[in-house]
Amino acid sequence: MKRLTILAAVMVLCVGAWGVFASGGDSQTPSSQVGPDGKKLDEVGYNPSAAAQLAESTRIMLGERTLKDYHKKIHQNGNNCQLCHSGEAPTAPPDDANCIRCHGTPQQMAKVTAKLERNPHNAPHYGTYVPCTTCHKEHQPSKVLCADCHSFTFENFKK
Amino acid sequence: MRKKTAHSDKPKGLHRRDMLKAAGIAAGSVLFSQMTVTESKASTLKSDYWDREFDVIVAGSGFAGCAAAIAARREGASTLVIEKMPVFGGNSAINGGAMAVAGSPLQKEKGIEDSVELMMADMLKGGRGTNHVDLLRVVCAGTAEAFEMTKEFGVKWKDVLLQFGGHSVQRTCQTVNFTGGDITIPLMEGGIKLGAIYKNRCKLEKILTDDSGVITGVLVRENYDFPNEESGVLRRYKINRGFVACTGGFGNDIPFRMMQNPTLDDTVGCTNHSGATSESFHALLAVNAAPVNTASFQLGPWASPDESGFGYAPQFNQQAAFPYGIMVDIRDGKRFVNENADRKTRADAQLKHCKDETGKIYYPVAFCSEPGTVKSPTVKYALKEGVAWKFDSLEELAAHFGIPLEPLKAQVKRFKSFVAKGKDEEFGKPIFDFDRSMYLDKPPYYAMRAWPKVHFCQGGVNINTKAEVIHMQSRQAIPKLFAAGEITGGTHGESRLGSCAIAETLVMGTIAGKNAALNKARSRKGE
Ligand SMILES: Cc1cc2nc3c(=O)[nH]c(=O)nc-3n(C[C@H](O)[C@H](O)[C@H](O)COP(=O)(O)OP(=O)(O)OC[C@H]3O[C@@H](n4cnc5c(N)ncnc54)[C@H](O)[C@@H]3O)c2cc1C
């Protein structure tokens, strides 16, 4: 689980598998509460033959999934579902924690795109709280959330 | 291994199935991860098994939900906010950030006289007298306090007051970035800081009751991938004190919309976020919540056919072209309505005047002079996106939209004379002396096309002034069930005045969250 320093001092907002909550202050949720998803994956490592089995059973369950060229190398051509989906049967969008490992935190991404006239990673409507997979999709065409209401486009956005 | 959840203020720690998942990864076992799915489905069949437990669960993370979560935490209740979309904030996050406040510090500073009674009178007139007056009074009386609450959590307001259609004085405050996100983000962070948990992609499926009909919890779909109803897994969350429905309107639910009013089909645009659908309303009806005004959809007369959703036009039209300029029928160059009337009057007029017998639409054009755009700085984006146009003469404007020039010139001249007299003799639009320099005068002109889109649901469930949901048969409050915001009906009658929804959602959300949290004694007794 990734900790994001948003509020000053001891207060830390945690964006984890089990919602967004505060840690350090008067929190109801100790961090051990959060499910083992993203974090545990690091600890257990990657087992190619088990992964291939999981990928195969997913294909049987859900049918063939389309893949993006630019990710093919890292998820071994779709054979390493766990890379993004952790231990879940990959029926749900992956946790941001798994994107963050390669791409940086939402705050870091917001800095990368800060020079754009509209910063998609720090929009006035949502700040830095938009889950990556809201716009960036692996198994279907990607579409920016902004486009629901606005006609501006982002040149470097990979469809 | 299953057991009843112990009474506890804290949600439980790791669950068996979470451990199974971890084991599944460790062993790389396909079997295990499939078991995870099967088991969680099975758990929903058992009425004594709970995946999580909270004192208060709030559904929806817009203004009402954010306010409810803060209020519930302040009363010491363990509080969870569930949101079905990947993003938090619903319609609130994309809203225009304009809030009507009766008796704001800014009004006092500017010497504008206002009162709770005057705001109520304006809203009653807009609502055609069908407003639930008891709710209306609570909302109007609570606006000043709700406004202070937003400031306490760091919401930043501009130093201007606006006058939206149907309001008799300038009473609308505006956030700095012209969006409700200016409010939802700090309120959500504030609620989390107080200890609330916000969980996205978690959809309310059903309100659960025991054999005697008393609410015990909710059935939710975790990891929901809107709008895929097969996605995610079902879970049962136990509720000790109260469930607060803050699930917003259903303006974007086209089949449901058409069931209420067949003319609102998919050719009619909508300003709402895509998740503004009706399933939570159905869940409330299923536990006998009384419906109010379900067919009352508000159309926003200031939207543009040249962009999707809300976009930039509403801000320009509401804060520039409508108050300070004019809107004309492109076929005769003439005005046809008070551009600052309430929304229903304007939208009805557009639909009536700007269509021919065959149903062909002639989108009316609204425009003003440059000084009139001062309160609408985002017009620069609208120009860039091809939603607004700038013209150096009336000739250019008329040619662009195909408006007959001479009648248009005559109309502009008439309007200028009304401004000089301080009285709109055609349609009675208010003309303010202190804003004189902003009215339609010289070129350059800024113009947009204006056409109604579905914007707001006046209808919803019936609540009382404590935000308790009313049972449709007994007409008594349904124990442990609260609602606030756009999912409720009544406050606005048949037509809401602009900027009164932020007021309503924050005031009623706070009341709902607080009363749900204070519901401890009664719910314990009921157990
Ligand atoms: C574009 C736009 C601009 C507006 N501008 C203004 C303005 O300037 N001033 C003003 O006063 N009013 C304005 N309004 C109206 C106002 O914004 C809304 O009425 C208000 O935001 C409603 O707040 P809410 O908290 O009731 O609902 P919402 O903010 O819509 O929040 C409801 C939330 O509940 C979630 N939800 C729904 N069903 C479920 C479910 N089954 N399970 C879990 N979650 C669920 C939704 O996804 C949503 O996030 C505007 C509306 C729109 C659409």
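Sequence lines set the chain letters: A, B, ... in the order given, protein chains first and strands last, and positions in each chain run from 1.
Remark: B:Lys384 engages A:Glu117 in a salt bridge, criterion side-chain N to carboxylate O under 4.0 Å.
Considering only heavy atoms from C-beta on, A:Val130 stays 4.5 Å or farther from B:Pro86 through its side chain. Looking at heavy atoms from C-beta onward, A:Val20 lies in side-chain contact with B:Phe88 at the 4.5 angstrom threshold. Residues A:Cys149 and B:His273 are not in side-chain contact: their nearest non-hydrogen atoms beyond the backbone lie 4.5 Å or more apart.
In this structure, chain A has heavy atoms under 4.5 Å from both the backbone and the side chain of B:Ile94. Using a 4.5 Å cut-off between heavy atoms, B:Met188 touches chain A through its side chain atoms alone. Interface remark: B:Tyr381 contributes backbone and side-chain atoms alike to the contact with chain A (heavy atom separation under 4.5 Å). Of the two parts of B:Glu222, only the side chain, counted from C-beta on, holds a non-hydrogen atom closer than 4.5 Å to a non-hydrogen atom of chain A.
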Original post:
Where do B:Ser308 and A:Asp148 land on the side chain to side chain contact (heavy atoms under 4.5 Å, CB included) test, with the steps shown first?
Top reply: CA-CA 7 Å; B:Ser308 61; A:Asp148 282 359; over 6 Å; no
* To do: For A:Tyr129 and B:Ile185, run side chain to side chain contact (heavy atoms under 4.5 Å, CB included): C-alpha distance rounded to whole Å, both residues' side-chain angles, the deciding distance at 0.1 Å, then the answer.
  => CA-CA 9 Å; A:Tyr129 293 102; B:Ile185 298 169; 4.0 Å; yes
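Annotation: maximal heavy-atom pairing with chain A below 4.5 Å, among B:Gly386, B:Gly181, B:Ser92, occurs at B:Gly181. Note on B:Ala93, B:Ser274, B:Cys202: by heavy-atom pairs under 4.5 Å with chain A, the leading option is B:Ala93.
Scanning all heavy atoms of the two residues, the minimum distance from B:Ile192 to A:Phe21 falls at CG2-C, 3.4 Å. Of all heavy-atom pairs spanning B:Asn223 and A:Pro93, the tightest one is O-CD, 4.1 Å.
When each of B:Thr179, B:Asp182, B:Thr184 is checked for a side chain to side chain donor-acceptor pair (under 3.5 Å) with A:His125, only B:Thr179 meets the rule.
Around atom NZ of A:Lys111, no more than 12 heavy atoms belonging to other residues, nucleotides or ligands sit under 6.0 Å away. More than 12 heavy-atom neighbours from other residues, nucleotides or ligands sit within 6.0 angstrom of NZ on A:Lys72.
For the pair A:His150 (side chain) and B:Gly311 (backbone), a donor-acceptor distance under 3.5 Å is absent.
Side chains of A:Thr133 and B:Arg201: a donor-acceptor N/O pair is present below 3.5 angstrom, by distance only.
Rounding to the nearest 0.5 Å gives a distance of 8.0 Å between CD of B:Glu385 and OG1 of A:Thr153.
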